Amino acid sequence: MIVLSRPSIGEDEVQAVVDVLRSGILASGSRVEAFEEAFAQKIGVDHAVAVGSGTAALHLGLLAMGIGPGHEVIVPSFTFAATANVIRMVGADPVFVDVDPLDYTISAQAVEGAITEKTKAIMPVHLYGHPAPMGALEELAREAGIDLIEDAAQAHLAKVGDRFVGSIGRFAAFSFYPTKNMTTGEGGMITTWDEDIAERTRMLRNQGMAERYVHRLVGLNERMTEIEAAIGLVQLAKLEHWTERRRQIAAIYRDCLYPSLGLPVERPGVRHVYHQFTLCPPDRGPVIAALERVGIGYGVYYPIGVHQQEPYRHLGYHLPVTEDLCERVVSIPIRPDLTDEEIAIVIDTLNEVAP
Ligand SMILES: Cc1ncc(COP(=O)(O)O)c(C=O)c1O
């Protein structure tokens with residue numbers, strides 16, 4: 001079986017966890033601080049705030065910005081439901097727009113048509129590791145006087161020009177779920193150049209405390225543990241190498257797979273980090289059947305648009321590109337530890353059923 005994804009855990013991650021367990025300090029401590037510092041430095045932002053998940057990173061960031069009832073946030077529907085759920089959780093309304101049919105990220109043109117006087121922010125998703133059209137979105141946000149927030153859950157070390165994603169919006173959210181390009185088990189990170197957002201999210205993750213038992217805000221417990229941060233520090237040091245390997249596998253797929261399978265696009269001037277390598281054939285049925293026959297893992301991200309899910313269906317959105325992609329996409333293995341032999345098996349299997 002060639003599995004779709006699995007976390008890369010070496011002896012150094014194991015040793016880092018053992019060291020934490022022996023230290024007796026398991027909740028937030030010096031390792032969390034070190035992880036935040038290393039992550040902020042890598043992404044090129046002033047502040048990184050470690051939290052319990054990517055969802056928590058989005059949720060606390062929205063709370064810190066004061067987004068709530070009466071506000072609208074423009075998002076793609078072709079994403080994981082967390083992107084929209086956090087908007088609802090703070091009492092605001094997600095406004096769904098369609099995605100670009102080539103790179104599957106939010107369409108700047110569709111965003112422009114969706115801005116109203118209630119719009120507080122645009123929240124693009126760097127889906128599958130491909131950056132959203134940040135230049136155009138920055139311009140739209142500036143003209144409308146609204147904020148830009150990045151859902152960077154799938155895009156560690158992706159770049160727009162020479163800027164890492166996560167350094168562009170007012171804040172960004174990363175996820176360290178085990179299938180992501182790097183993991184901490186569960187975990188997330190808020191990155192921001194805005195000192196106020198950093199200060200407020202630090203309080204919000206810790207019951208709103210500014211100092212011990214002095215509560216300035218109503219907050220939650222969304223702290224990262226020392227165990228998670230210790231894994232994160234080791235993984236972060238390997239991430240550049242893993243990213244290059246993902247890009248190398250993508251280049252091999254691009255050279256060898258038949259274009260009729262619907263290969264993913266990499267826009268000029270961006271660095272795609274291939275969290276997923278996603279095909280979009282006219283009919284994914286025969287492709288999936290072949291992958292199953294040979295024992296190759298695959299995933300469908302996402303089979304149903306968020307706008308079609310139960311909590312949002314009543315809003316009555318119709319997004320033709322998203323709905324078409326939901327019927328056709330299929331992601332194939334691109335984890336950095338794939339062997340050349342496994343890559344060859346994937347290529348042969350797919351080319352045999354290419355339309
Ligand atoms: C686009 C997107 N946003 C948000 C999240 C939420 O991250 P987490 O699962 O760490 O809460 C994910 C992760 O699955 C995601 O893919």
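Computed from a predicted structure; not experimentally measured. Every number for a ligand or one of its atoms is a count from 1 in the order of the listing.
Just one of Ile296, Val294, Leu291, Thr339 meets the side chain to side chain contact (heavy atoms under 4.5 Å, CB included) condition when paired with Ile2; it is Ile296. Under the salt bridge (Lys or Arg N to Asp or Glu O under 4.0 Å) rule, Glu240 has a single partner from Arg245, Arg271, Arg247, which is Arg271.
Atoms of ligand 1 found under 4.0 Å from any heavy atom of Lys180 (numbered from 1 in listed order, with element): 12 (C), 13 (C), 14 (O), 16 (O). Less than 4.0 angstrom separates some heavy atom of Ala153 from each of these atoms of ligand 1: 2 (C), 3 (N), 4 (C), 5 (C), 12 (C), 15 (C). Residue Phe80 has at least one heavy-atom neighbour below 4.0 Å for each of these atoms of ligand 1: 2 (C), 5 (C), 12 (C), 13 (C), 14 (O), 15 (C), 16 (O). For ligand 1, the atoms sitting less than 4.0 Å from at least one non-hydrogen atom of Val125 are 1 (C), numbered in the order shown with element in parentheses. Here is the list of ligand 1 atoms found below 4.0 Å of a heavy atom in Thr55: 6 (C), 7 (O), 8 (P), 11 (O).
Atom 16 (O) of ligand 1 has as its closest protein heavy atom Gln154 NE2, 2.9 Å. Residue, atom and distance of the protein heavy atom nearest to atom 9 (O) of ligand 1 are Ser175 OG, 4.0 Å. The closest protein non-hydrogen atom to atom 3 (N) of ligand 1 is Asp151 OD2, 2.8 Å.
Backbone and side-chain nitrogen or oxygen atoms of Leu58 are examined, and none is located within less than 3.5 angstrom of a nitrogen or oxygen of ligand 1. Ligand 1 has no N or O atom lying under 3.5 Å from any N or O atom of Glu186, backbone or side chain. For ligand 1, the polar-atom distance check against Tyr177 finds no nitrogen or oxygen pair separated by under 3.5 Å.
For Thr79, every heavy-atom contact with ligand 1 shorter than 4.0 Å involves the side chain, none the backbone.
Between Glu199 and Arg216 there is a salt bridge, with a side-chain nitrogen of the basic residue lying less than 4.0 Å from a carboxylate oxygen of the acidic one. Electrostatic pairing of Glu36 and Arg205 counts as a salt bridge here, judged by a charged N lying under 4.0 Å from a carboxylate O.
Under the 30°/60° scheme for interplanar angles, the aromatic rings of Tyr128 and Phe78 are found to stand perpendicular.
Note that CH2 of Trp193 is 6.0 Å distant from CZ of Arg170, once rounded to the nearest 0.5 Å.
Side chains of Ser23 and Glu226: no donor on one and acceptor on the other come within 3.5 Å.
Residues Phe39 and Phe176 place their aromatic rings such that the two centres sit under 6.0 Å apart.
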